[in-house]
Amino acid sequence: MPLAKNWTKESILKLSMYRGLTYSVQKRIIETHDSIEHLFAEPPEWLQPKLNPNIILADNINIDRQLEENLELMEANSINFVCYQDDEYPQNLKLIEQSPTILYYKGSLDKQGADYISVVGTRKCSVYGRLTTERIVSELASQGIIIVSGLAYGIDAAAHQTTIKSGGRTYAVIASGIDEISPSTSEKLADEIIEHQGAIISE
C-alpha cells in the first residue's frame, strides 16, 4: 500500500518520536494532513487537548537532530523499520486500534501474509514443558508456519531453537529496544534467528 499523500517513511518515523502522541492519534494525523509540514503549519483543534501544538513546534529542532542520529544508528546496526501501511507490516496487527505506527526489526519480514502461531510460556519450564514445546513446534515449523515468541528464557527460547532446528522461520518480538537484546544471554539466539531468515521485532 503506498504511503498517504506526501508522507515518507522518514516523516512517519519522525512523527512517532513526538511526545504524547498515541498510535491512533499518529494515524489520524497521517490520514488528515498532507504532510508533516502541513501539521506544523495548521495544527488541528482536536489535537490541542492531547498535546499542545507549541510543544510540537518547540521540539521540532531537537527531533530533527534525534531523527538523523537514529537513522545513522539504525544503518550502522542493520536495523530496519516498517510503517503500518507497508506490505511487510503484519496484517493481523493492523486490526488492533493501538497497533504501533512503526515497527523496528532486524532480519527478514514476510510480505506474502504467511501463517503465524505464537508460542509463549514460563521462563522456568519443566522438562515436560520443553519436550512438549519441541514436539509441537517442530511439527508446525515443518509445515511452513512462522513461529512467533518473545526470546525469553524457557519456553520462548525452546520455541525459537526448535524452529531453527526444524528448518523453519521464527520471529522474536521483544520488550527491549531493538539495539539492546534482553536478556543479553539471548544475543546468540537472536543472531541465529536472523541467519535463518527470521526477524527480531520491537515497537
Side-chain angles (χ1 to χ4, degrees), residues 13 16-17 22-24 26-27 70 73-203:
L13 178 60
S16 72
M17 294 167 62
T22 64
Y23 295 138
S24 58
Q26 292 172 24
K27 293 169 189 172
N70 284 353
L73 177 66
M74 290 163 62
E75 182 177 4
N77 290 277
S78 300
I79 298 172
N80 301 297
F81 71 96
V82 289
C83 306
Y84 74 101
Q85 294 170 307
D86 291 336
D87 291 338
E88 297 92 337
Y89 192 98
Q91 298 300 306
N92 287 342
L93 191 56
K94 293 182 180 181
L95 302 178
I96 302 173
E97 181 180 356
Q98 284 293 344
S99 57
T101 310
I102 296 287
L103 285 178
Y104 300 90
Y105 72 96
K106 295 183 72 171
S108 304
L109 292 183
D110 177 73
K111 295 183 180 180
Q112 308 301 322
D115 292 322
Y116 306 85
I117 286 184
S118 296
V119 179
V120 294
T122 181
R123 287 167 170 76
K124 296 180 180 179
C125 61
S126 64
V127 174
Y128 171 77
R130 176 177 288 276
L131 291 175
T132 301
T133 299
E134 292 173 351
R135 177 175 59 80
I136 294 174
V137 168
S138 62
E139 294 178 4
L140 295 171
S142 65
Q143 297 179 44
I145 295 173
I146 296 177
I147 305 300
V148 183
S149 196
L151 202 63
Y153 295 119
I155 296 299
D156 289 20
H160 294 305
Q161 291 163 345
T162 302
T163 303
I164 292 171
K165 291 178 182 177
S166 302
R169 295 176 63 193
T170 180
Y171 292 168
V173 181
I174 61 176
S176 62
I178 199 73
D179 58 334
E180 187 173 340
I181 301 299
S182 179
S184 59
T185 51
S186 295
E187 290 180 0
K188 183 177 183 295
L189 178 56
D191 291 339
E192 292 177 354
I193 289 172
I194 294 171
E195 290 171 4
H196 290 81
Q197 305 303 308
I200 310 300
I201 304 170
S202 175
E203 65 178 281

Nearest 0.5 Å, please: how far is [atom2] in [Y] from [atom1] in [X]?
X      : Y      : atom1 : atom2 : answer
Ile146 : Leu109 : CD1   : CG    : 9.0 Å
Leu189 : Ile164 : CG    : CD1   : 5.5 Å
Ile145 : Leu140 : CD1   : CG    : 5.0 Å
Asp87  : Asp110 : CG    : CG    : 10.5 Å

With sequence neighbours left out, write down each residue that passes side-chain contact (heavy atoms from CB on, under 4.5 Å) with [X], or none if nothing qualifies.
X      : value
Leu95  : Asn92
Gln98  : Thr22, Tyr23, Ser24
Ile181 : Leu151, Ile174, Ser186, Glu187, Ala190, Ile200

Heavy-atom check, side chain of Met17 versus side chain of Asn70, under 4.5 Å
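The answer is yes; the side chains approach within 4.5 Å.
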What are the two closest non-hydrogen atoms of Ala159 and Ile147, and how far apart are they?
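So the two residues come closest at CB-CG2, 4.2 Å.
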Closest non-hydrogen atom pair, Ala199 against Ser108
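Taking Ala199 first and Ser108 second, the nearest heavy atoms are CB-O, 3.6 Å.
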Which residue pairs pass the side chain to side chain donor-acceptor pair (under 3.5 Å) test with at least one member in [range], sequence neighbours excluded?
range            : value
residues 191-202 : Lys188-Glu192
residues 119-142 : none
residues 151-179 : Ser149-Asp156, Tyr153-Thr185, His160-Thr170, Arg169-Tyr171

Cut-off 3.5 Å, no hydrogens considered: what does the side-chain donor-acceptor table look like for residues 73-80, sequence neighbours left out?
from, atom 1, to, atom 2, distance (Å)
Asn77, ND2, Leu73, O, 2.8

Counterpart residues, side chain to side chain donor-acceptor pair (under 3.5 Å), relative to Lys27 (two or more places apart)
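Lys27 satisfies side chain to side chain donor-acceptor pair (under 3.5 Å) with Ser99 only.
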Pairs in or reaching into residues 79-102: which pass ring pair (Phe, Tyr, Trp, His ring centres under 6.0 Å), with residues at least two apart or in two chains?
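Residue pairs passing ring pair (Phe, Tyr, Trp, His ring centres under 6.0 Å), neighbours aside: none found.
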